[in-house]
Amino acid sequence: MHASRETGAPTSQDEPLLDAGNTVVAAELDMRVVAVADHVIDLGPGGGDAVGIVVAGGTPDYVTDKGVGASAGYLAAALQAAINVTPM
C-alpha cells in the first residue's frame with residue numbers, strides 16, 4: 001500500500017489497483033501507514049549490512065505482539081494512537 005504522507009491513506013493512484021483486488025507493496029517507515037496495512041514484513045535485525053533478515057511477518061498486531069525487530073515498539077505506539085483517535 002502506498003500512502004499519502006498527510007493522511008496515511010492510500011493515494012488516488014492506488015485505489016483502482018486495490019479496488020480490482022490487486023496487491024500493492026511498498027517500503028514504508030511511517031508507522032501510521034504500517035499500522036493500517038493488511039500484512040507487514042519487518043526486516044532486520046538492524047540497518048546497513050545487518051538488514052535483510054525477516055524478523056517478523058503478519059498483521060500489524062501480530063508483528064507488535066511478536067516484539068522483535070526495531071519496528072515493534074514504534075508500531076505498537078502507532079496502533080495505540082490509532083485506537084485513541086476520537087472521530088470528529
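No hydrogens, no waters, no symmetry mates; every other heavy atom, side chains included, goes into these values. Remember, it's a predicted structure, so these values are computed and weren't measured experimentally.
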Atom CG of Leu17 with >12 non-hydrogen neighbours under 6.0 angstrom: yes

Side chain to side chain donor-acceptor pair (under 3.5 Å) partners of residues 56-70, not counting sequence neighbours, each pair once: none

Closest heavy-atom pair and its distance - Val40, Pro60: CG2-CG, 3.9 Å

Crowding at CG, Asp38 (>12 non-hydrogen neighbours, <6.0 Å): no

Contact summary for Asp30 and Glu28, nearest pair of heavy atoms: N-OE2, 3.0 Å

Fellow cluster residues of Val68, listed by chain then number, with links counted only when side-chain atoms sit under 4.5 Å apart: Val55

Shortest non-hydrogen contact from Ala70 toward Asp42: N-OD2, 4.5 Å

Distance-minimising heavy-atom pair for Met31 and Ala78: O-CB, 3.5 Å

